[in-house]
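Here is the structure we will look at.
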Amino acid sequence: MRTVITFGTFDVFHVGHLRIIERAATYGDRLVVGVSADALNLRKKGRAPVFSEAERLAIVGALKLVDEVFVEESLELKRHYIEKFSADVLVMGDDWAGRFDEFGDICEVVYLPRTPAISTTALIEKIKS
Ligand code: C2G
């Protein structure tokens, strides 16, 4: 059994989010997703997500490719989460390229290209205008 772990906010869930989850799932047999806490977003980005942590968790957790979801309370707890879920592979989008190489001692670290031309920020702007 090979476990894959990935992390994200997954706010205003869109096809870029779906694509990374689909690609992450191909790296193993079980996919665990850490969904960032509302408090983490407030701390790091200075704004709350559009959808609450409970809603984002429900959306991601309902995907058939996702076996387990949990709340990512802090960016600094990655090692703890990788160990807790016995992850063999950490998958992240390449906007995080190089940032998690330090976990190469306990799991494989893979960065995948982002889906072009879509983001939560761009969607919010589009809806506003
Ligand atoms: N993503 C993607 N293509 C897009 C948009 C996002 O592949 N067009 C990927 C990101 O690279 C990331 C995942 O989807 O791997 C989730 O993206 P965000 O919700 O923006 O997550 P982020 O706020 O970067 O994660 O530990 C990380 C934190 O949880 C924050």
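Ligands are counted one by one from 1 in listed order, and the atoms in each one are counted from 1 as well.
Every atom of ligand 1 with a heavy atom of Trp96 under 4.0 Å away is listed here by number and element: 24 (O), 25 (O), 27 (C), 30 (C). Atoms of ligand 1 lying under 4.0 Å from at least one heavy atom of Gly8, given by number and element, are 16 (C), 21 (O), 25 (O), 29 (O). Atoms of ligand 1 found under 4.0 Å from any heavy atom of Lys45, numbered from 1 in the order shown, are 23 (O). Heavy-atom proximity to Phe7, at under 4.0 Å, picks out these atoms of ligand 1: 26 (O), 27 (C), 29 (O). Close approach of ligand 1 to Gly93 is summarised as follows: ligand atoms under 4.0 Å from at least one heavy atom of the residue are 11 (O), 15 (O). With ligand atoms numbered from 1 in the order given, ligand 1 contributes 29 (O) to contacts under 4.0 Å with heavy atoms of Ser36. Near Lys78, meaning under 4.0 Å from one of its heavy atoms, ligand 1 places the atoms 26 (O), 27 (C).
For the pair Arg114 and Asp95, the salt-bridge criterion is met [side-chain N within less than 4.0 Å of a carboxylate O]. Salt bridge absent: Glu72 and Lys84 never bring a charged side-chain N and a carboxylate O closer than 4.0 Å.
Counting only heavy atoms of the protein, atom 14 (O) of ligand 1 lies nearest to Ile20 CG2, 3.5 Å. From the protein, the heavy atom lying nearest to atom 19 (O) of ligand 1 is Phe10 N, 2.8 Å. Here the heavy atom of the protein found nearest to atom 18 (P) of ligand 1 is Thr9 N, 3.8 Å. Of the protein's heavy atoms, Arg114 CA, 3.5 Å lies nearest to atom 7 (O) of ligand 1. Closest to atom 11 (O) of ligand 1, if we only count protein heavy atoms, is Asp95 OD1, 2.7 Å. Among protein heavy atoms, the minimum distance from atom 3 (N) of ligand 1 is reached at Thr115 N, 3.1 Å.
Considering all non-hydrogen atoms of both residues, Ser36 and Asn41 come closest at OG-ND2, 2.9 Å. The shortest non-hydrogen separation linking Phe103 to Val109 is C-CG2, 3.9 Å.
Taking only non-hydrogen atoms, the option from Gly34, Ala97, Ala122, Gly16 nearest to atom 2 (C) of ligand 1 is Gly16. Among His17, His14, Arg19, the residue whose heavy atom sits closest to atom 17 (O) of ligand 1 is His17. Relative to atom 28 (C) of ligand 1, the option among Glu76, Lys44, Glu72 with the closest non-hydrogen atom is Glu72.
In this structure, Lys78 forms a cation-pi arrangement with Phe7, its terminal cationic atom sitting closer than 6.0 Å to the ring centre and no more than 45° off the ring axis.
Formation of a donor-acceptor pair under 3.5 Å by the Asp67 side chain with backbone atoms of Val32 is not found in this model. With hydrogens and angles disregarded, a donor-acceptor distance shorter than 3.5 Å links the side chain of Arg23 to the backbone of Arg19. Panel note: side chain Asp11, backbone Phe51; a donor-acceptor pair is recorded below 3.5 Å. With Tyr111 contributing its side chain and Phe100 its backbone, the two residues share a donor-acceptor pair below 3.5 Å.
The shortest N or O to N or O distance between Phe100 and ligand 1 is not below 3.5 Å.
By the criterion of a heavy-atom distance under 4.0 Å, the side chain of Leu75, and not its backbone, is placed next to ligand 1.
For atom 23 (O) of ligand 1, a protein heavy-atom neighbour is present inside the 4.0 Å cut-off.
In this structure, Phe70 and Tyr81 have tilted ring planes: the angle between them lies in the 30° to 60° band. Classified by interplanar angle (parallel below 30°, tilted 30° to 60°, perpendicular above 60°), the ring pair His17/Phe13 is tilted.
Screening Arg56, Lys44, Arg43 for a salt bridge (charged side-chain N to carboxylate O under 4.0 Å, His left out) with Asp38, the sole residue that qualifies is Arg56.
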